[in-house]
Amino acid sequence: MYFIKIKQNFRWYFLVVLVAAAFFVWYAVFAESDKSLTVAFLNVGQGDAILIDTPGDQQILIDGGPNRRVLAEISKIMPFYDRSIDVVIATHPDSDHIGGLPEVLSRYDVNFFIEPGVESTNVVGKELEKIIEEKKLKKVLARRGMKFVLSDNAYLLILFPDRDVSRMDTNDASIVAKLVYGNTSFLFTGDSPQKMENYLVSIDKENLDIDVLKAGHHGSKTSSSESFIGYASPEYAIISAGKNNRYGHPHQEILERLRVAGAVILRTDLDGRLIFKSDGRNLAVKKNK
Amino acid sequence: MKGNILLVLIFGFIAGVGVRSFFNLFWSAAIFALLLSFLALVLFFLTSRKKFFLAAALALAAFSLGVWRYEIKDQKAASSILAPRINSEVALRGVIVDEPDERENNTRLIFLADGLRQNGQWQDINRGKILVYTERYPEFKYGDFLEIKGILKEPENFSDDFDWRAYLTKDDIFLLMYYPKIEKQEEGAGSFVKQKLFALKNNYIAGISRVLPEPYASFLGGLTIGARKSIPEDLQNDFRKTGVIHLVVLSGYNVTIIAENIGRALAFLPLPHFVGIILSVLAIFLFTIMTGASATIVRASIMAILVLLARSTGRVYEVTIALLVAGFAMIMHNPKILRFDSSFQLSFAATLGLIYLAPRLEKHLGFLPKSFGLRGYAAATASAQLAVAPLILYSMGAISLVALPVNILILMFVPATMLFGFLTWLAGLLHYAASLPFAWISWLLLNYELWVVNIFARLSWAEWLAPNFSAFSAILIYGLLGWLVFKPKSLSIFWQKKEIIPPLWSKEADEFEIEEIK
């Protein structure tokens, strides 16, 4: 009845070990040899969380959703043995954007923590400060013009804030960032309201044209101004919101505006996790319910 | 005869508690039962000592004791100082007396208040437990001494099919507070041992979540030490749908099932039989300690050890008596668990199932291969599932139709998963890198288990809903099951004629079967 007769069954045990080893090696080879850019809008409920896996196999997390659900979502994108996220960006310290970040920072090795420098008013913000202090993370204030070079022809460019925002409203202070890989580009806007969008239009129209737009503030009426959408002219517009959320996001008017602008609307509440792949020329998207 | 007297007393007592927990009888009922008991005793002497009357007298006396015991428990209410302040703002101080229950969007604390602030003075209060809802951050832990300020509320039932109030009063919680202002004064109040246990538990969780991603880490945490840290809600729903939620919820049922499977897995090792049993008992003991030794888990562990004894000695009758005595002691200690603690009910039912149904079922599973103990696993899983099915239908209003295959496919690998989980942690204590190979093997196993759950949860017919399944139907089904098991003669074609219960997962099991065939 024993099947642990090590000597007699040595050949079989050896085979099992080899098969397992081969599995891990091939898993790693496939995970590492992916030379495309992945941008995943994670399904975290009412909130934002976007994970970028660069062609050079670095990871950037933009916001962490409202709670620890982001952890399980991250592991759907990253290989299981990878325990580091190179850059974490908190677009602004509202709890639906940073709620999951304390858990992320305590579980993953993070090189840089990037934030706009606006004071948080909630308990998660305080917890986050505490962890950053404890782990001695490098904290960087995002400022217009900062460029993170990700590979030969991929970079992340900060468009906003262009000034000290410490006394501003948290939504107004949202980091706006543009991700470019070859001919494909993405725009991440946090909860940036219309006045900030229009400000960006006034100073920087030519830089706003992109393929994929994360619609500001979960598709609320307070964001996605007409001129901003016009200059961005997105091919895809992403709404990151929770099912039946109590704010009524996204707003019908905004959905209509995006549609008229010619964007394909994808929603995390209806379509689940949205994974974009870009090889620098073409863009493909996969829904993941 | 001695055993029978004991049984009469125990069943009388349990019936008393049971009847009282469904119907609001008063003291008079206990006194009436006592009078009837006295009458039966008189009849016993008048009828030249007919045993029936003695049994009736004893049963009625025990019944009255049961009603009385429940009544005492039910008399408990919110502290007399706090009760008039319900719905008004109060400032309290006290200690967190259980591990914080961290959910996705809030944390629940069991707060034992011992002081009330009045006119700037702390007034001692009759220690009252309060359920406190608070934000995820800042984090608190067992033994923290807090000052809280908020509006005192009484729990209200939020749905018809779950008596939340009764569920809370079972643990003497009569009051709650939503998101009070909390100030931590000190740490380290509360029991030293418990503090160390919870610290150990947290160390374990931190160790595995450093090397394993989510949801694997929290699944492993739930599996190995019943960690309360939340698993994503959609995954929990999938667990429920496929009938394996018991694996990750800190419940007695979990202990029963896991102990059974550890016992089975150990039987494969080339060890003397008794060493295997000692190791199993040790494993259950460690599990109990690691989970923080809550009342629920202690109860279940006692039952799990009894199953182990039944299995390894084949002394089913003695073990049943022991099980009933244990159940009696537990209900005596807290009579409300009989009706309101589904964890107690499930582990008790599963235990009986493992002792009585499994050996019978195994004989009808001849079509399954014996290799790797597959038949034994199937029998144990099926009997535990069968035994808890009516309870689950009653308490959850739904039952998983794929529970059997999913449980068999997963439970076979649970002991190995637990082993590698612990090895991951132990190796991680030495060095981060040392824990990686173990973590990867754990990941492989966990991935397989979640894959099985995922596949079956996608079936549209995985779950059968029966929202109106009553307690009465459940009791009826248990009556029928009990009759099938204990009246073997009337169904001799279906069940074995002679009671032969082989020690299931010992090496003797094989020889035993050969003998039987001869």
Side-chain angles (χ1 to χ4, degrees), chain A residues 1-6 16-17 19-21 23-25 27-28 43-47 65-83 85 95-96 98-104 106-109 120 122-131 242-243 272-273 289, chain B residues 102-107 134-139 179 182 205-206 208-219 229-235 265-271 370-373 376 432-433 435-437 439-447 450 458 505-511:
Chain A
M1 197 59 190
Y2 321 135
F3 67 87
I4 306 206
K5 290 174 184 160
I6 304 236
V16 169
V17 171
V19 168
F23 172 84
F24 282 124
V25 169
Y27 180 97
N43 184 11
V44 290
Q46 179 62 17
N67 54 39
R68 68 202 302 282
R69 254 175 86 173
V70 67
L71 295 172
E73 287 284 311
I74 289 174
S75 68
K76 291 276 188 343
I77 310 292
M78 279 168 63
F80 74 90
Y81 52 80
D82 192 344
R83 303 303 293 162
I85 294 175
S95 61
D96 55 336
I98 58 166
L101 288 184
E103 297 268 13
V104 171
S106 58
R107 280 156 190 255
Y108 286 87
D109 291 327
S120 169
N122 57 45
V123 286
V124 190
K126 289 199 185 77
E127 182 72 17
L128 212 48
E129 288 295 318
K130 207 179 96 192
I131 292 181
K243 227 173 231 169
R273 188 185 324 122
K289 281 214 95 166
Chain B
E102 290 172 10
R103 304 290 176 97
E104 223 163 55
N105 295 317
N106 58 35
T107 300
T134 178
E135 308 242 22
R136 275 286 285 114
Y137 303 104
E139 288 177 329
Y179 303 98
I182 301 181
I205 303 282
I208 58 174
S209 47
R210 203 172 43 164
V211 283
L212 279 172
E214 287 296 319
Y216 307 100
S218 55
F219 179 42
K229 298 256 181 186
S230 52
I231 294 172
E233 261 168 44
D234 42 346
L235 187 59
L266 283 173
F268 281 127
L269 298 177
L271 296 169
K370 289 209 81 172
S371 45
F372 298 107
Y432 173 79
S435 69
L436 289 177
W440 295 348
I441 297 172
S442 311
W443 177 80
L444 212 56
L445 291 161
L446 293 163
N447 204 21
L450 290 181
R458 271 196 243 158
W505 30 253
S506 67
K507 282 152 230 156
E508 289 90 335
D510 284 329
E511 297 153 29

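- Taking B:A217, B:S209, B:A206, B:P138 one by one and counting their heavy-atom pairs under 4.5 Å with chain A, the maximum is reached by B:S209.
- Judged as a side chain to side chain contact (heavy atoms under 4.5 Å, CB included), and not counting sequence neighbours, the contacts of A:K130 are A:E127, A:E134.
- The aromatic ring centroids of A:F24 and A:Y81 lie 6.0 Å or more from each other.
- For chain A, no part of B:F219 is nearby; none of its heavy atoms comes within less than 4.5 Å.
- Using a 4.5 Å cut-off between heavy atoms, B:W440 contacts chain A through both its backbone and its side chain.
- Proximity to chain A is limited to the backbone of B:L212, based on heavy atoms less than 4.5 angstrom apart.
- Look at A:E73 and A:R69 and you find no salt bridge, because none of the NZ, NE, NH1 or NH2 atoms lies under 4.0 Å from a carboxylate O.
- Residues satisfying the ring-ring contact (aromatic ring centres under 6.0 Å, His included) criterion with A:F23, sequence neighbours excluded, are absent altogether.
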